[in-house]
Trainee: 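Pasting a structure below so you can have a look.
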There are 2 protein chains.
Amino acid sequence: MELQRLDVFQVIADPSRRHMLQLLSKDSLTINSLAENFDMSRPAVSKHIKVLYNAGFISIQDIGRERHCILKQDGFKQLQEWLAYYDNFWGSKLQKLEALLNERSNKQ
Amino acid sequence: MELQRLDVFQVIADPSRRHMLQLLSKDSLTINSLAENFDMSRPAVSKHIKVLYNAGFISIQDIGRERHCILKQDGFKQLQEWLAYYDNFWGSKLQKLEALLNERSNKQ
DNA sequence: TGTATATGTAACCTGTGAGTTACGCAAATT
DNA sequence: AATTTGCGTAACTCACAGGTTACATATACA
């Protein structure tokens with residue numbers, strides 16, 4: 001795995017990574033303490049962490065030989081911005097319907 | 001491609017599918033009119049549409065031999081629910097910080 | 001100083017998502 | 001009735017994400 005520069009959409013597409021984010025929302029954890037929760041090798045977890053870090057979902061604080069992973073908002077923000085566009089779509093669709101209904105009732 | 005039952009996270013991980021959603025947010029389109037916007041074969045587009053449909057991102061209205069694709073809210077809702085959990089996380093984190101700051105200023 | 005611990009990286013294997021072409025079928029058109 | 005159009009599906013190829021094991025490195029501890 002050379003590049004590991006997946007975008008935010010690809011990052012959350014993996015169930016293991018979503019599970020990691022969920023665990024980190026409860027408490028910040030080291031790579032090993034994270035790995036205890038998964039049925040995969042520690043290097044595999046390490047790679048996922050790298051992916052999450054590169055996409056801005058976590059920050060990492062090195063304390064001695066330990067790496068503490070902390071949830072970070074940046075990655076989530078990109079997703080929210082994407083969704084906000086469609087929120088607006090549903091909103092305006094509803095508004096058009098309301099406008100149509102108002103127009104109808106005015107004509108009566 | 002046998003199963004094509006990807007979850008909402010996998011569905012939006014593909015750039016082409018996100019582009020399709022964007023196009024459909026402007027206007028509902030048939031498979032062919034959609035395909036004109038992409039540098040891929042029509043069967044490829046047809047498969048993406050099936051994936052989007054199965055995940056609840058679009059509904060389809062058959063008119064004669066044409067299939068009209070219309071944006072649908074269901075898929076987006078699942079993503080919003082997922083994000084809402086973390087919204088709450090950031091919210092509560094901010095509240096804790098505020099509480100801490102208030103406590104400090106009261107002590108002075 | 002030697003050993004145990006926490007982690008990263010390289011090399012490799014494998015499953016599968018995403019593309020292709022070829023074909024089939026029903027609806028529209030002539 | 002014959003042809004064209006719009007679309008779905010089957011069979012195949014290929015790239016690559018996600019897993020593995022083996023090894024390297026730096027910190028903590030005895």
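Sequence lines set the chain letters: A, B, ... in the order given, protein chains first and strands last, and positions in each chain run from 1. Everything quoted here is computed from the prediction, not taken from an experiment.
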Trainee: Could you tell me whether B/Arg17 sits above the aromatic face of B/Phe57, with NZ or CZ closer than 6.0 angstrom to the six-membered ring centre and within 45 degrees of the axis?
Mentor: no

Trainee: Produce a footprint string for nucleotides 22-30 of chain D: one letter per nucleotide, 5' end first; B if the base is under 4.0 Å from any protein heavy atom, S if only the sugar-phosphate is, - if neither.
Mentor: B----BS--

Trainee: Atom CE of A/Met40 to atom P of D/dT20: distance rounded to whole Å?
Mentor: 7 Å

Trainee: Whole-Å distance between D/dA15 C1' and A/Gln10 CD?
Mentor: 13 Å

Trainee: Give the rounded distance in Å between these two atoms: NZ of B/Lys47 and C1' of D/dG8.
Mentor: 10 Å

Trainee: Looking only at non-hydrogen atoms, find the nearest pair between A/Val8 and A/Gly75 and report the distance.
Mentor: CG1-O, 3.8 Å

Trainee: Test your reading of the model: is there a side-chain donor-acceptor pair from A/Arg67 to the backbone of A/Ile31, 3.5 Å cut-off?
Mentor: no

Trainee: Taking 4.0 Å as the cut-off, does a side-chain nitrogen or oxygen of A/Lys50 come that near to OP1 or OP2 on C/dT9?
Mentor: yes

Trainee: Starting from P on D/dT20, measure out to CZ on A/Phe38 and report it in whole angstrom.
Mentor: 12 Å

Trainee: Counting heavy atoms from C-beta on, name the nucleotide in C/dG19, D/dC7, C/dG17 closest to the side chain of B/Leu6.
Mentor: C/dG17

Trainee: Check this one for me: any side-chain N or O of B/Ser46 less than 4.0 Å away from OP1 or OP2 of D/dC7?
Mentor: no

Trainee: Could you check how far CZ of B/Arg67 sits from P of D/dT5, rounded to whole Å?
Mentor: 21 Å

Trainee: Mark yes when over 12 heavy atoms from residues, nucleotides or ligands other than B/Phe89 sit less than 6.0 Å from its CZ; otherwise mark no.
Mentor: yes

Trainee: Establish, with yes or no, whether the OP1 or OP2 oxygen of C/dT5 is under 4.0 angstrom from a side-chain nitrogen or oxygen of A/Asn32.
Mentor: no

Trainee: For A/His68 and C/dT5, what is the distance between atoms NE2 and P respectively, to the nearest whole Å?
Mentor: 17 Å

Trainee: For A/Asp62, look at atom CG and say whether over 12 heavy atoms of other residues, nucleotides or ligands are found less than 6.0 Å away.
Mentor: yes

Trainee: Is there a side-chain contact between B/His48 and the phosphate of C/dG17, meaning an N or O under 4.0 Å from OP1 or OP2?
Mentor: no

Trainee: Should we say atom OH of A/Tyr53 is surrounded by more than 12 heavy atoms from elsewhere, each under 6.0 Å from it?
Mentor: no

Trainee: Need to verify one output field. Residue with the more 5' nearest nucleotide on DNA chain D, A/Ser16 or B/Ile49?
Mentor: B/Ile49

Trainee: Please give, in whole Å, the distance from C/dT7 P to A/Glu36 CD?
Mentor: 10 Å

Trainee: Roughly, in whole Å, what's the span from CG in B/Asn54 to C1' in D/dG8?
Mentor: 13 Å

Trainee: If the cut-off is 4.0 Å, is A/Ser41 near the phosphate of D/dT20, judged by side-chain N/O to OP1 or OP2?
Mentor: yes

Trainee: Do B/Tyr85 and A/Met20 sit in the same hydrophobic cluster, where Ile, Leu, Val, Met, Phe, Trp and Tyr count as joined when their side-chain heavy atoms come under 4.5 Å apart?
Mentor: yes

